Amino acid sequence: LAQAWNRWSPEPFRLDASDVRRGVADSPAACLEFRTVVADNRGGVAAWAAFKRSPSGWLYPGGDPSRWHLSIAGGEPAALLPLVEEGISACAAGGAGSVQFGGDPDHFFPGVPERIPALERLAASTGFQVAGEVSDLWRDLAGYRPPSDAASALRHSGTAVERCTAGSVDRLDAFLASEFPGRWRADCRRKAVADGEPGDVFVLRAGDAVCGFAVTQTPRSVRPHAGAVFRRAFGSRWAALGPIGVAKAFRGRGLGDALLASALGALAEGGAQGCVVDWTVLLDFYGRHGFEPIRRYWVAERRLTPD
Ligand SMILES: CC(C)(COP(=O)(O)OP(=O)(O)OC[C@H]1O[C@@H](n2cnc3c(N)ncnc32)[C@H](O)[C@@H]1OP(=O)(O)O)[C@@H](O)C(=O)NCCC(=O)NCCS
């Protein structure tokens with residue numbers, strides 16, 4: 001499937017087989033019955049698509065349990081269009097009230113990628129309605145040093161940014177359970193515990209309590225995901241940052257800035273030449289740190305039931 005995808009997609013969106021395994025075969029939300037493949041007349045793959053049920057309520061709390069997802073789709077239009085229509089009908093029969101393009105657990109895309117015209121055409125011709133846009137951002141990190149006001153914001157508030165350790169994973173999890181109990185908590189727990197990479201999560205600490213977090217990835221990460229899915233486009237010394245979040249009671253005091261700057265500084269010191277932040281609308285927050293948009297996605301949904 002990865003080989004077929006790479007034949008159809010532009011260079012910045014190439015995938016490894018491990019990415020397809022992570023996002024489709026191994027993803028708990030992927031519905032076996034809706035992973036569809038059409039063979040061409042030589043026995044190759046003419047088109048394939050993967051749909052996922054809503055993660056709400058069983059994978060993690062929050063979200064809309066009737067919103068299912070078209071995770072990824074590619075192929076020759078004559079084979080792909082009926083395949084996707086068939087998948088959408090199967091979602092409706094399974095109880096979906098709508099199908100979102102991307103934005104799924106273990107996603108490839110947060111929406112319809114502007115730079116894959118074939119997917120824009122597919123979304124338009126299968127009834128997806130655009131409701132917004134989100135971006136992936138990038139900045140070079142060569143020589144990056146956190147600005148001095150990052151350190152003073154931390155000093156004034158009595159907080160510190162440090163890497164999470166195996167011993168502080170429970171405190172991180174308690175923070176996430178109260179502030180970001182949905183997908184961010186689930187993904188963070190998988191990284192810090194199942195993948196054994198607590199140190200890739202930066203925590204903002206006030207005394208013994210965690211009051212902010214930022215997840216990072218590098219080429220050493222065992223399970224590249226989210227911003228790191230299309231890492232082939234970033235060269236060999238890439239980094240990814242996100243999600244990032246600060247407890248509500250601590251926002252608006254420069255601590256989000258300080259957390260971001262500290263994590264970027266550590267990534268640069270560790271040898272990263274550039275960093276991607278994916279799936280965001282906060283262009284100003286990241287723009288102040290030198291990030292610029294590199295990819296845009298249309299947030300799009302196909303409604304299956306009348307409003
Ligand atoms: C985004 C977030 C981490 C910022 O943390 P914070 O501690 O409030 O941010 P800071 O106090 O350091 O603010 C830094 C600057 O970014 C701006 N900013 C912060 N949050 C913003 C938001 N949601 N939208 C637009 N601008 C924002 C601030 O206004 C400030 O600019 P200013 O100094 O010109 O006023 C925090 O609001 C948060 O956890 N939000 C919920 C989770 C989230 O959206 N994460 C980002 C996902 S991509």
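Indexing begins at 1, ligand by ligand and atom by atom, following the structure's order. Remember, predicted model here, so these are calculated numbers, not experimental data. One is the number of the first residue; the rest follow in order along the sequence.
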Nitrogen or oxygen of Gly254 less than 3.5 angstrom from that of ligand 1:
yes
Take atom 26 (N) of ligand 1 and look for protein heavy atoms under 4.0 Å from it; say yes if you find one, no if not.
no
Which ligand 1 atoms are under 4.0 Å away from a heavy-atom of Tyr286?
46 (C), 48 (S)
Yes or no: does Pro243 have any heavy atom under 4.0 Å from an atom of ligand 1?
no
Which of the numbered atoms in ligand 1 are below 4.0 angstrom from a heavy atom of Gly252?
6 (P), 7 (O), 8 (O), 11 (O)
Whether Trp184 lies under 4.0 Å from ligand 1, heavy atom:
yes
Does Arg288 come within less than 4.0 angstrom of ligand 1, counting non-hydrogen atoms of the residue?
yes
With Glu197, the side chain to side chain contact (heavy atoms under 4.5 Å, CB included) member among Lys191, Arg220, Arg223, Gln217:
Lys191
Checking a contact table here: which protein heavy atom is nearest atom 12 (O) of ligand 1, and how many Å away?
Asp257 N, 2.8 Å
Heavy-atom pairs closer than 4.0 Å: do any link ligand 1 to the side chain of Leu282, the backbone, both, or neither?
side chain
Any non-hydrogen protein atom below 4.0 Å of atom 21 (C) of ligand 1?
no
From atom 29 (O) of ligand 1, is the closest protein heavy-atom distance below 4.0 Å?
no
For Ile244, atoms of ligand 1 separated by under 4.0 Å from a heavy atom
42 (C), 43 (C), 45 (N), 46 (C)
